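As the structure is a prediction and not an experimental result, all values here were calculated from the model. First listed ligand is number 1; within each ligand, the first listed atom is number 1.
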Amino acid sequence: MIISSAEFIKSNTDVRFCPETQLPEYAFIGRSNVGKSSLINMLTERNKLALISSKPGKTLLINHFLINQAWYLVDLPGYGYARTGLQQREKLKKMIESYILFRKPLVNLFVLIDSRIEAQKIDLQFFEWLGTHEIPFSIVFTKIDKLSKTKLLQNKTNYEQKLAETWDPLPPIFVTSSQTGEGRDDVLNYIETINQQLQKSY
Ligand code: GTP
Ligand code: MG
């Protein structure tokens, strides 16, 4: 898919004030610093569309980006960042949860996982929560430029085995690097396929 336009629309803290639209949207979630904002920039090939930082806790709002005038990408704050303090963490958790539960145009949530580390409880619990609420999601392994192909395959296999304890079938899993652009076509093709299916069903 060619990205001919990508524009920032608005940021806010409340799902009720997200853009009023019938267009489908795809949101990115995962632990702080996993690379959500970087992935949005990589997919759109716009370096400064979403703000990134080497320190966790950069994105604190729900950010809407309109792509090709036809669908939205949504950058969300990360979860589980301890240093933000309990109150702030609870506030972000509520904001993220109500976005996920009540945002009608949301058609797929991409949950990002750092490909270097083994399955973490917080992520597995989050998948369970999504399952309970029947939220469609897929998984994106990030930062694959930081490990060897052998290690990546090993980590991915381990992760799939862990997921298989709960999930059948497994959600789609993509492997990406925002540094090298690997996985870009796979993610964009997946989005395009869903967009086309939605158009047919209208
Ligand atoms: P929060 O908004 O704080 O939740 O973080 P985030 O998930 O949006 O992460 P962000 O995109 O800001 O990236 C965090 C750090 O990881 C930055 O220093 C990025 O440059 C780095 N990073 C993200 N993706 C990749 C990647 O694929 N490869 C490498 N090597 N670094 C990456
Ligand atoms: Mg971010």
Side-chain angles (χ1 to χ4, degrees), residues 3 6-13 15 18 25-65 67 72-100 103 106 108-117 119-120 122-123 125-127 129-130 137-153 155-156 159 173-188 190:
I3 306 291
E7 51 177 317
F8 168 72
I9 300 297
K10 73 189 280 204
S11 294
N12 67 82
T13 56
V15 60
C18 288
E25 68 189 42
Y26 299 83
F28 296 81
I29 187 76
R31 291 191 300 140
S32 286
N33 208 243
V34 70
K36 301 173 290 296
S37 305
S38 303
L39 185 64
I40 288 180
N41 291 342
M42 183 271 258
L43 292 173
T44 56
E45 294 180 310
R46 269 93 174 152
N47 276 342
K48 291 179 186 150
L49 190 62
L51 302 180
I52 70 159
S53 165
S54 57
K55 294 197 197 96
K58 176 69 179 174
T59 310
L60 296 171
L61 300 166
I62 303 167
N63 299 287
H64 274 77
F65 303 98
I67 313 299
Y72 283 91
L73 286 178
V74 179
D75 194 12
L76 295 171
Y79 55 73
Y81 177 46
R83 287 185 60 191
T84 40
L86 191 61
Q87 218 179 350
Q88 164 88 332
R89 210 157 67 226
E90 277 304 308
K91 209 173 88 187
L92 287 179
K93 186 164 178 260
K94 279 212 184 90
M95 179 171 113
I96 293 167
E97 286 184 354
S98 49
Y99 168 80
I100 294 170
R103 181 65 177 161
L106 177 65
N108 180 71
L109 190 65
F110 289 103
V111 186
L112 275 60
I113 299 290
D114 189 324
S115 58
R116 294 169 297 177
I117 54 177
Q120 305 279 304
I122 190 168
D123 295 320
Q125 282 171 342
F126 185 66
F127 296 140
W129 182 82
L130 293 175
F137 71 95
S138 33
I139 294 176
V140 179
F141 270 27
T142 62
K143 309 192 184 185
I144 64 164
D145 56 285
K146 293 205 178 206
L147 75 181
S148 70
K149 290 263 178 298
T150 319
K151 187 73 188 150
L152 172 64
L153 187 63
N155 287 1
K156 187 168 176 263
Y159 214 96
I173 303 183
F174 301 95
V175 291
T176 66
S177 164
S178 297
Q179 198 104 311
T180 66
E182 278 169 284
R184 181 173 181 268
D185 290 347
D186 295 333
V187 175
L188 289 179
Y190 182 69

Specify side chain, backbone, both or neither for Lys146, according to which of its non-hydrogen atoms lie closer than 4.0 Å to ligand 1. side chain
Is it the case that more than 12 heavy atoms not belonging to Lys94 sit under 6.0 Å from its NZ atom? no
Hey, which atoms in ligand 1 end up nearer than 4.0 Å to a heavy atom of Pro56? 3 (O)
Test log, rule side chain to side chain donor-acceptor pair (under 3.5 Å), inputs Glu182 and Thr180: CA-CA 6 Å; Glu182 278 169 284; Thr180 66; 2.9 Å; yes
Aromatic rings Phe28 and Phe110: how do their planes relate, parallel, tilted or perpendicular, breaks at 30° and 60°? parallel
Heavy-atom proximity to atom 2 (O) of ligand 1, best of Ile40, Thr59, Leu39, Val34: Thr59
Shortest protein contact, atom 18 (O) of ligand 1 (heavy atom only): Ser54 CA, 3.3 Å
My understanding is that only one of Thr142, Leu147, Asp145, Val175 makes a side chain to side chain contact (heavy atoms under 4.5 Å, CB included) with Ser115; could you say which? Leu147
Heavy-atom nearest neighbour of atom 3 (O) of ligand 1 within options Ser32, Gly181, Gly57: Gly57
In terms of residue, atom name and distance, what is the protein heavy atom nearest to atom 20 (O) of ligand 1? Ile52 CD1, 3.8 Å
Does Thr176 reach the main-chain N or O of Phe141 with its side chain, forming a donor-acceptor pair under 3.5 Å? yes
With a 4.5 Å cut-off on side-chain heavy atoms, are Phe126 and Leu130 touching? yes
Side chain of Arg103, backbone of Val15: donor and acceptor closer than 3.5 Å? no
What is the nearest protein non-hydrogen atom to atom 16 (O) of ligand 1, stated with its residue, atom name and distance? Lys143 NZ, 3.1 Å
Given Ile62 and Leu76, is the side chain to side chain contact (heavy atoms under 4.5 Å, CB included) satisfied, shown in steps? CA-CA 5 Å; Ile62 303 167; Leu76 295 171; 4.0 Å; yes
Under 4.0 Å from one or more heavy atoms of Ser177, ligand 1 contributes atoms 27 (O)
Using a strict 4.0 Å cut-off to heavy atoms of Gly78, name the atoms of ligand 1 that fall inside it. 4 (O)
If we set the cut-off at 4.0 Å for heavy atoms, which region of Asn33 has an atom near ligand 1: side chain, backbone, both, or neither? both
Considering non-hydrogen atoms of the protein only, which is the closest contact for atom 4 (O) of ligand 1, and what is the distance? Lys36 NZ, 2.8 Å
For Ala50, does its backbone N or O pair with a side-chain atom of Asn41 as donor and acceptor, under 3.5 Å? yes
Out of Ser53, Ser38, Ser37, whose heavy atom sits nearest atom 12 (O) of ligand 1? Ser53
When you measure from the Mg ion (ligand 2) to the N, O or S atoms of Ser32, does any of those distances fall below 2.8 Å? no
Contact check, Asp145 vs ligand 1, heavy-atom distance below 4.0 Å: yes
Under 3.5 Å donor-acceptor, Asn33 side chain and Arg31 backbone: no
Using 30° and 60° as the class limits, which term best fits the ring planes of His64 and Tyr99: parallel, tilted or perpendicular? perpendicular
closest protein heavy atom to atom 27 (O) of ligand 1 is Ser178 N, 2.7 Å
Look at the N, O or S atoms of Thr59, main chain and side chain alike, and state whether any lies under 2.8 Å from the Mg ion (ligand 2). yes
Specify the protein heavy atom at minimum distance from atom 9 (O) of ligand 1: its residue, its atom name, and the distance to 0.1 Å. Gly35 N, 3.2 Å
